[in-house]
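What follows is a set of notes on a single structure, which appears directly below.
Heavy-atom basis, side chains included; hydrogens, waters and symmetry copies ignored. For reference, positions follow the sequence shown, starting with 1.
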Amino acid sequence: MLTASVLLLLATLAGYTLLCAASPFGTCRKCQGLGGKVVLDRKGRPKGAKPCRRCKGRGKRLRIGRRLTNHSRAIHRDGTR
């Protein structure tokens, strides 16, 4: 049972690592990739949208695994200079 759990955990981590390597950016969870909140006026027409604060209006965010990879690479690069 323990071996199966460890193998499942390793397979999940390997899959997430491959996902972060292949596609480092994911859609923003706050604006669902739209880049901002669409505001409607009183007549129901779209008004100027405010950019999302989390993704700064881009609609994409850097995945946590990719952020950790970039940070560990920077530490390694700074330590070996």
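The line from CZ of Arg61 to SG of Cys55 is 10.5 Å long, rounded to the nearest 0.5 Å. Leu7 CG to Leu2 CG: the interatomic distance, rounded to the nearest 0.5 Å, is 9.5 Å. For the atom pair Arg67 CZ and Ser72 OG, the distance stands at 13.5 Å (nearest 0.5 Å).
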Table please: side-chain donor-acceptor pairs of residues 21-29 below 3.5 Å, with sequence neighbours left out.
| unit_1 | atom_1 | unit_2 | atom_2 | d |
| --- | --- | --- | --- | --- |
| Ser23 | OG | Phe25 | O | 3.3 |

Could you tabulate the donor-acceptor pairs under 3.5 Å formed by side-chain atoms of residues 73-81, not counting sequence neighbours?
| unit_1 | atom_1 | unit_2 | atom_2 | d |
| --- | --- | --- | --- | --- |
| Thr80 | OG1 | His76 | O | 3.0 |
| Thr80 | OG1 | Arg77 | O | 3.3 |

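For Arg45, the salt bridge (Lys or Arg N to Asp or Glu O under 4.0 Å) criterion is met by Asp41, not counting sequence neighbours.
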Practice item. Could you walk me through whether Leu62 and Asn70 pass side chain to side chain contact (heavy atoms under 4.5 Å, CB included), step by step? Key: CA-CA 10 Å; Leu62 195 60; Asn70 291 347; 3.9 Å; yes
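Screening Arg54, Arg53, Arg58 for a side-chain contact (heavy atoms from CB on, under 4.5 Å) involving Lys56 leaves a single residue, Arg58.
Connection of Leu13 to Leu18 is not established within any shared hydrophobic cluster, with ILVMFWY side chains joined at heavy-atom distances below 4.5 Å, either directly or through further cluster members.
The two residues Cys20 and Arg66 come nearest to each other via the heavy atoms O-NH1, 3.6 Å. Closest of all the heavy-atom pairs between Gly44 and Leu40 is O-CD2, 3.8 Å.
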